[in-house]
Q: 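Quick one: the structure is below, questions incoming.
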Amino acid sequence: MIRPLFLALLLAAGATTAQAQNLIIHGGPIYTGVDGARPAQQVTVVDGRITYVGPMRLERTPPDEYIDLKGAALFPGFTDGHAHLDGIGWRELTLNLEGSVSVAEAMARLTDWAEAHPEGPVIGRGWIETHWPEARFLTAADLDAAAPGRIVLLSRSDGHAVVASSAALAAAGVDASTVAPSGGEILKGPDGRPTGLLVDAAEQLVAGLMPQADPEALREAYRAGFRIEAAYGWTGVHFMSAPWRDIPLLEAMAEAGEAPLRIYNSVTPDGAAALIAGGPRSVADGRIITRAIKYYADGALGSRGAALFEPYADRPDTSGLMQITGDQIIPLYEAALRGGIQIATHAIGDRGNASVAEWYQQALNVVPAADRPRGADVRWRIEHAQILRPSDYHWFKALPIIASMQPSHAIGDLHFAPARLGDARLDGAYAWHSLVDMGVIVVGGSDAPVERGDPLIEFYAAVARADLEGFQGPDWRPGEAVDRATALKMFTLWPAYASFREDELGTIEVGKRADFTAFSVDLMTAPVADILNGRATLTVVDGVVVHRAESPMRIAP
């Protein structure tokens with residue numbers, strides 16, 4: 001079940017779905033997202049579409065509801081351009097180690113959870129060692145001491161490493177003789193035995209120990225994900241690595257009125273052949289759209305799985321892990337081109353990003369525009385695009401490639417990325433401004449549950465390029481921060497473009513769908529530090545209020 005504190009916050013915030021379709025919204029600045037436009041005073045909605053934007057005026061037909069913003073600022077609906085909806089929901093149903101300040105505290109949480117849940121394996125995620133005084137990864141020994149004899153699997157916050165207890169390793173048959181699969185690493189101690197940490201592809205060695213969710217538990221996880229995202233102010237989510245097996249469930253939820261937000265699915269590779277054969281899918285008037293496939297080129301920087309051209313500065317025996325080869329993936333890209341399916345490929349390290357760009361070019365060269373359903377307009381994406389060589393920026397403009405980036409990664413990674421990369425490679429790290437200046441579409445996302453998933457944190461990170469305490473670090477390339485108008489596009493118009501919906505979403509204009517997000521803080525004028533003190537006060541999708549905050553509470557982890 002959902003954590004009691006979080007459920008209380010949701011209920012206090014009024015996270016229920018209203019049914020009003022005809023609205024007049026006023027009482028605060030209304031930022032349309034249209035270049036050069038001044039804030040409006042009123043927006044009118046009829047049957048889920050915007051019919052008027054401008055100064056206050058009287059309408060001939062009274063609406064179903066007048067919404068007074070009471071000074072809050074209204075924006076086009078914020079869309080999370082990269083998140084994991086299932087993981088967001090499961091985060092509320094399993095052990096959450098976010099915010100743990102040490103190995104000791106994390107293990108104390110594990111002990112409490114294990115005692116409260118005495119049956120079955122213990123599953124959790126959210127730990128990250130970079131701030132811990134112990135300055136090390138978790139180990140099986142830690143888990144064994146905290147939850148003796150239990151099967152325990154705890155994913156690192158980035159999702160690219162999992163620590164397994166001794167019971168879990170034994171149940172999976174992982175021992176000193178086990179060879180890591182291609183694209184994975186089994187960390188071993190001086191005695192040659194596994195420490196318990198499994199990186200990237202090696203995580204699959206224990207995947208069979210994850211509890212098989214029953215259909216109702218899975219549905220509840222998605223319900224929780226929807227509630228949380230709506231309460232944060234998101235009107236839509238680009239669902240990355242959406243399990244192919246879950247697509248029918250999401251579609252059924254939408255048809256049943258249980259999907260309050262727009263979901264744009266980029267599915268796991270096991271669904272590639274079926275999606276390409278059947279073509280893009282859309283149900284419930286576009287509430288759930290499935291038209292992309294998500295692949296992985298490399299791992300993550302924190303667990304040293306991101307593929308680099310040169311070795312890691314803090315561990316020169318490795319340069320990361322590629323998850324796939326060109327020979328394997330280029331034919332898959334070519335098939336997607338012919339089937340009109342969008343491609344999104346995870347790449348974090350400079351070698352990973354350069355490889356994906358080259359593979360994209362090769363596939364595009366093999367399949368001419370005449371053989372593609374949308375011609376040259378394929379809108380392929382690289383997810384994360386975190387560490388680039390400046391000499392590789394040109395790929396994003398020339399092909400072109402959409403850079404799907406998560407600003408909060410930069411404000412968390414600033415505490416360890418310099419050690420991983422050394423100073424010189426920071427020139428191409430989290431280079432939002434450089435790419436935007438070249439005319440590249442940069443889609444903003446959160447990567448929740450890897451990060452918290454709050455749009456205010458993401459907006460702040462994009463414009464401040466400092467951590468939540470205002471620390472920026474020595475020469476953390478402050479010029480790569482973006483201005484507020486650009487940050488707004490990163491979470492509104494550009495995600496609409498990346499999902500082929502810029503004609504009906506992304507700005508507040510007559511004729512477009514009525515998706516709005518209101519925050520208690522004016523993102524365009526407030527001091528940067530004050531952005532983090534705001535909250536979502538209103539979330540509207542197709543003219544339907546899906547979240548309304550009546551209390552001053554702010555949702556927090």
Side-chain angles (χ1 to χ4, degrees), residues 28-33 35-39 69-82 99 131 231-234 386 403 405-415 417-418 426 429-437 442-448 450-495 516-539 549 552-557:
I30 298 171
Y31 292 95
T32 65
D35 287 341
R38 297 175 60 83
L69 294 169
K70 298 180 180 179
L74 190 75
F75 301 92
F78 269 50
T79 294
D80 191 333
H82 181 118
H131 290 295
Y232 272 134
W234 299 114
Q386 263 176 244
M405 307 177 77
Q406 300 73 51
S408 59
H409 285 339
I411 67 172
D413 292 5
L414 71 84
H415 293 282
L426 296 182
Y430 320 89
W432 318 313
H433 192 279
S434 293
L435 292 173
V436 170
D437 270 0
V442 177
V443 171
S446 74
D447 205 9
V450 173
E451 303 288 353
R452 171 43 32 191
D454 186 339
L456 292 174
I457 292 177
E458 299 301 331
F459 193 97
Y460 164 86
V463 300
R465 205 172 172 87
D467 72 11
L468 300 184
E469 286 71 46
F471 175 75
Q472 195 172 53
D475 196 20
W476 187 238
R477 309 310 191 261
E480 291 295 351
V482 298
D483 61 62
R484 300 187 195 214
T486 297
L488 182 61
K489 288 180 179 177
M490 289 171 66
F491 296 100
T492 55
L493 181 59
W494 289 345
F516 312 120
T517 303
F519 295 111
S520 61
V521 60
D522 188 333
L523 303 181
M524 311 309 284
T525 62
V528 170
D530 288 352
I531 293 172
L532 295 173
N533 297 322
R535 72 187 191 283
T537 61
L538 185 72
T539 310
M553 286 195 208
R554 170 162 167 69
I555 294 176

Q: If we only count heavy atoms from C-beta on, is the Val450 to His409 side-chain gap below 4.5 Å?
A: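 In short, these two side chains touch, coming nearer than 4.5 Å.
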
Q: Sequence neighbours excluded, which residues qualify as ring-ring contact (aromatic ring centres under 6.0 Å, His included) partners of Tyr460?
A: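 Partners of Tyr460 by the ring-ring contact (aromatic ring centres under 6.0 Å, His included) criterion come out as none, since no residue qualifies.
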
Q: When rounded to the nearest 0.5 angstrom, what is the spacing between CH2 in Trp494 and CE in Met490?
A: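 Going from the CH2 atom of Trp494 to the CE atom of Met490 covers 7.5 Å.
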
Q: Would you say that Thr517 contacts Leu538 through its side chain, given a criterion of any heavy-atom pair below 4.5 Å between the two side chains?
A: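 They are not in contact (no side-chain heavy atoms under 4.5 Å apart), so the answer is no.
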
Q: A side-chain contact here means heavy atoms from C-beta on lying under 4.5 Å apart; do Arg477 and His433 qualify?
A: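 With C-beta onward as the side chain, the pair stays apart.
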
Q: How close do Ala461 and Ser408 get, counting heavy atoms only, and between which atoms?
A: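 So the two residues come closest at CB-N, 3.9 Å.
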
Q: Would you please name every residue forming a ring-ring contact (aromatic ring centres under 6.0 Å, His included) with Phe459, sequence neighbours left out?
A: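 Result, ring-ring contact (aromatic ring centres under 6.0 Å, His included) vs Phe459: none returned.
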
Q: Can a donor-acceptor pair be found between the side chains of Glu458 and Ser446 at a distance below 3.5 Å?
A: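 Distance-only check fails for Glu458 and Ser446.
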
Q: Just how far is it from atom CG of Leu426 to atom CG of Asp475, taken to the nearest 0.5 Å?
A: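 Going from the CG atom of Leu426 to the CG atom of Asp475 covers 8.0 Å.
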
Q: So, Glu480 side chain and Ser434 main chain: donor-acceptor pair closer than 3.5 Å or not?
A: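 Such a contact is found between Glu480 side chain and Ser434 backbone.
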
Q: What are the two closest non-hydrogen atoms of Leu468 and Ile457, and how far apart are they?
A: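 Minimum heavy-atom contact is CD2-CG2, 4.1 Å.
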
Q: How many angstroms lie between CG in Asp467 and NE2 in His131, if you round to the nearest 0.5 Å?
A: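 Result: 7.0 Å between the selected atoms.
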
Q: Rounded at 0.5 Å granularity, tell me how far OH in Tyr430 sits from CG in Leu435.
A: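 Spacing of OH (Tyr430) from CG (Leu435) equals 14.0 Å.
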
Q: Could you tell me the separation between the CZ atom of Phe516 and the CG atom of Leu74, rounded to the nearest 0.5 Å?
A: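 Answer rounded to 0.5 Å: 6.0 Å.
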
Q: Taking all non-hydrogen atoms of both residues, which atom of Thr492 and which atom of Pro76 are closest, and how far apart?
A: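 Where Thr492 meets Pro76 most closely, the heavy atoms are CG2-O, 3.6 Å.
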
Q: Grab the two heavy atoms, one from Gln386 and one from Asp413, that are nearest each other, plus how far apart they are.
A: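 Looks like NE2-OD2, 3.2 Å.
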
Q: Test your reading of the model: is there a side-chain donor-acceptor pair from Trp234 to the backbone of Thr539, 3.5 Å cut-off?
A: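 No; zero donor-acceptor contacts below 3.5 Å.
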
Q: Which atom names give the shortest non-hydrogen contact between Ile411 and His415, and what distance separates them?
A: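 Here Ile411 and His415 meet closest at O-CD2, 3.9 Å.
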
Q: Is Lys489 salt-bridged to Asp35, cutoff N-O under 4.0 Å?
A: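 Yes, charged N to carboxylate O under 4.0 Å.
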
Q: Keeping Gln472 on the side-chain end and Arg465 on the backbone end, is there a donor-acceptor pair under 3.5 Å?
A: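 Indeed, once roles are kept as given, a pair shorter than 3.5 Å links the two residues.
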
Q: Would you name the heavy atoms of Trp432 and Ala410 that are closest together and state the gap between them?
A: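 Taking every non-hydrogen atom into account, CZ2-CB, 3.6 Å.
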
Q: Kindly compute the distance separating CD (Glu451) from NE2 (His82), expressed to the nearest 0.5 Å.
A: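 The distance works out to 10.5 Å.
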
Q: Return yes if a side-chain donor-acceptor contact under 3.5 Å exists between Thr525 and Asp522, otherwise no.
A: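 Result is yes, a qualifying pair exists.
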
Q: Under the 3.5 angstrom rule, does the side chain of Arg484 hit a backbone N or O of Val463 as a donor-acceptor pair?
A: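 Side chain of Arg484 to backbone of Val463: no pair is present.
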
Q: Would a distance-only check, ignoring hydrogens and angles, find a side-chain to backbone donor-acceptor pair under 3.5 Å from Ser520 to Arg535?
A: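 Answer holds: yes.
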
Q: Side-chain contact, heavy-atom cut-off 4.5 Å: Leu456 with Phe519?
A: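 They are in side-chain contact.
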
Q: Can you confirm if the aromatic rings of Phe78 and Tyr232 lie within a centre distance of less than 6.0 Å?
A: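 No: the rings miss the under 6.0 Å criterion.
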
Q: Would Phe75 and Leu523 count as a side chain to side chain contact (heavy atoms under 4.5 Å, CB included) if you check the C-alpha gap in whole Å, the side-chain angles of each, and the deciding distance to 0.1 Å?
A: CA-CA 9 Å; Phe75 301 92; Leu523 303 181; 3.8 Å; yes

